[in-house]
Amino acid sequence: MNAPLPTRRDEAWRYADLKALEPVWPTLGGPEHVNVPAGESLSRQIADLPVVDGVGVIDLDVTIGDNATFTLHLLAHNADYGRIQVKATLGNGSHFELGGAIMGSGQQTLEIVTETIHAEPNATSNQVVRSVLADKATGSFLGKINVARHAQKTDAAQSVKAMLLDRGATANAKPELEIFADDVKCAHGATVGELDKQALFYMASRGIDPATAQKLMLQAFIADAFVSVGDDAVREAIESKALEVLDGLS
């Protein structure tokens with residue numbers, strides 16, 4: 001039996017489109033469990049959400065064994081309401097890498113929600129999320145990092161940036177740290193802005209038309225989310241998909 005429909009009192013669902021979610025909620029199963037054995041590496045890319053009645057939800061519960069690595073790159077774009085939820089529990093000396101792009105237009109509501117649990121010492125995590133939002137779209141990132149009391153030498157970072165193409169678009173960013181150990185390095189940063197007008201002017205002065213200048217700047221902005229893809233062919237594939245979506249926004 002499914003859990004009750006979430007409410008906005010649940011911080012993880014603070015910006016969700018619960019009205020859109022309600023009709024499909026009974027059809028959603030529990031999270032997909034992913035286990036990365038000790039000492040191994042696993043990578044995964046999600047370029048499209050599985051959409052039913054305009055709603056696309058992905059829920060991953062990842063356990064990363066000692067000295068193992070899990071790398072996840074994703075796009076949230078193809079749903080009226082889309083949500084990618086990831087819970088990652090790290091073992092001793094393990095690493096979690098996430099690169100994500102939220103790209104919305106019209107009335108879309110898209111979100112990436114992560115919970116990163118540093119349960120053991122010496123683990124590292126890095127999350128990079130970039131959003132490009134047009135029209136009246138809403139893009140949200142909620143990322144919680146939890147460091148257990150004995151998880152010394154933890155190194156965790158989040159970088160969240162959003163670009164608004166129209167004044168009606170909305171970007172939400174809520175990084176959260178809960179740290180019980182004392183020998184750790186945890187950092188997060190979140191910014192929301194518009195395209196740099198001085199940079200656009202500079203490019204125009206070099207003969208680049210405004211549409212091309214904007215496209216080049218947005219391409220470089222989104223590419224930040226996929227720098228950590230180790231395989232060149234895989235990186236080119238997901239970047240190409242992102243650029244295809246980007247062309248529809250700008």
Side-chain angles (χ1 to χ4, degrees), residues 12 31-47 58-76 83-102 111-131 140-161 173-191 221-239 241-242:
E32 175 189 349
H33 293 276
V34 179
N35 182 56
V36 187
E40 296 191 12
S41 296
L42 178 66
S43 64
R44 183 166 176 178
Q45 295 77 42
I46 298 172
I58 290 177
D59 189 359
L60 301 177
D61 188 342
V62 184
T63 301
I64 308 172
D66 294 351
N67 299 306
T69 298
F70 181 63
T71 303
L72 176 64
H73 293 90
L74 47 86
L75 293 175
R83 178 184 178 92
I84 301 175
Q85 181 170 298
V86 183
K87 177 181 177 182
T89 303
L90 285 72
N92 194 327
S94 64
H95 179 70
F96 172 52
E97 183 79 30
L98 181 140
I102 299 172
E111 54 188 351
I112 296 173
V113 180
T114 66
E115 181 181 4
T116 308
I117 301 172
H118 284 260
E120 301 294 341
N122 307 306
T124 58
S125 63
N126 185 53
Q127 300 175 60
V128 177
V129 176
R130 298 290 181 263
S131 299
S140 303
F141 172 78
L142 293 86
K144 182 177 181 180
I145 296 174
N146 185 300
V147 182
R149 190 172 305 278
H150 65 285
Q152 306 296 346
K153 304 297 183 182
T154 287
D155 189 342
Q158 291 177 337
S159 171
V160 185
K161 296 181 181 180
K174 188 177 183 298
E176 183 180 350
L177 300 174
E178 189 173 43
I179 303 171
F180 295 99
D182 53 17
D183 186 5
V184 303
K185 180 181 179 182
C186 294
H188 57 74
T191 61
F221 179 74
I222 287 294
D224 281 352
F226 306 116
V227 169
S228 57
V229 180
D231 186 299
D232 290 343
V234 173
R235 182 172 61 253
E236 289 174 7
I238 197 167
E239 283 186 350
K241 179 66 175 182

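Predicted, not measured: the structure shown is a model, and the values here were computed from it. In this chain, residues are counted from 1 in sequence order.
Not counting sequence neighbours, the partners of Asp224 by the salt bridge (charged side-chain N to carboxylate O under 4.0 Å, His left out) test are Arg130. For Glu236, the salt bridge (charged side-chain N to carboxylate O under 4.0 Å, His left out) criterion is met by no residue, not counting sequence neighbours. Taking Lys174 as the reference, Glu11, Glu176 meet the salt bridge (charged side-chain N to carboxylate O under 4.0 Å, His left out) condition, with sequence neighbours excluded. Residues meeting the salt bridge (charged side-chain N to carboxylate O under 4.0 Å, His left out) test with Lys87, sequence neighbours left out: none.
Using a 4.5 Å cut-off on side-chain heavy atoms (C-beta onward), Thr71 and Val229 make no contact. In this structure the side chain of Thr69 never reaches within 4.5 angstrom of the side chain of Glu97, judged on heavy atoms. Annotation: side chain of Gln127 is not in contact with side chain of Ile112 (no heavy-atom distance under 4.5 Å). Put simply, the side chain of Val160 does not reach to within 4.5 Å of the side chain of His188, judged on heavy atoms. His73 is listed as a side-chain neighbour of Ser228, based on a closest heavy-atom distance under 4.5 Å. Between Val62 and Leu72 there is no side-chain heavy-atom pair separated by less than 4.5 Å.
If you check the side chains of His95 and Thr124, you find a donor sitting under 3.5 Å from an acceptor.
Screening residues 140-157 for salt bridge (charged side-chain N to carboxylate O under 4.0 Å, His left out) gives Lys144-Glu178, Lys153-Asp183 as the qualifying pairs, with residues at least two apart or on separate chains. The list of side-chain hydrogen bond (donor to acceptor under 3.5 Å, both in side chains) pairs with a residue in residues 31-46, not counting sequence neighbours, reads Glu32-Arg44.
Between atom CD1 of residue Ile58 and atom CD1 of residue Ile46 there is a gap of 4.0 Å, rounded to the nearest 0.5 Å. To the nearest 0.5 Å, atoms OG (Ser140) and CD1 (Ile102) are separated by 7.0 Å. Interatomic distance, Thr89 OG1 to Ile117 CD1, rounded to the nearest 0.5 Å: 4.0 Å.
Classified by interplanar angle (parallel below 30°, tilted 30° to 60°, perpendicular above 60°), the ring pair Phe70/Phe96 is parallel.
Nearest heavy-atom pair across Phe226 and Ala101 is CZ-CB, 4.0 Å. Val113 and Ala12 get closest at one heavy-atom pair: CG2-O, 4.0 Å. Listed here is the closest heavy atom pair of Gly65 and Ser94: O-CB, 3.3 Å. Counting all heavy atoms, side chain and backbone alike, Ala181 lies closest to Ala151 at CB-O, 4.0 Å. Among all heavy-atom pairs drawn from Glu111 and Leu142, the shortest one is OE1-CD1, 4.4 Å. Heavy atoms only, all atoms of each residue included: Ile238 and Leu75 are closest at O-CD1, 4.1 Å.
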Would you check, one step at a time, whether the test side-chain contact (heavy atoms from CB on, under 4.5 Å) holds for Asp182 with Gln152?
CA-CA 7 Å; Asp182 53 17; Gln152 306 296 346; 3.1 Å; yes
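Side-chain N or O atoms of His150 include one that pairs as donor or acceptor with a backbone N or O of Ala119 at under 3.5 Å.
Each of Leu98, Thr114, Leu177 was compared with Gln158 under the side-chain contact (heavy atoms from CB on, under 4.5 Å) criterion, and only Thr114 meets it.
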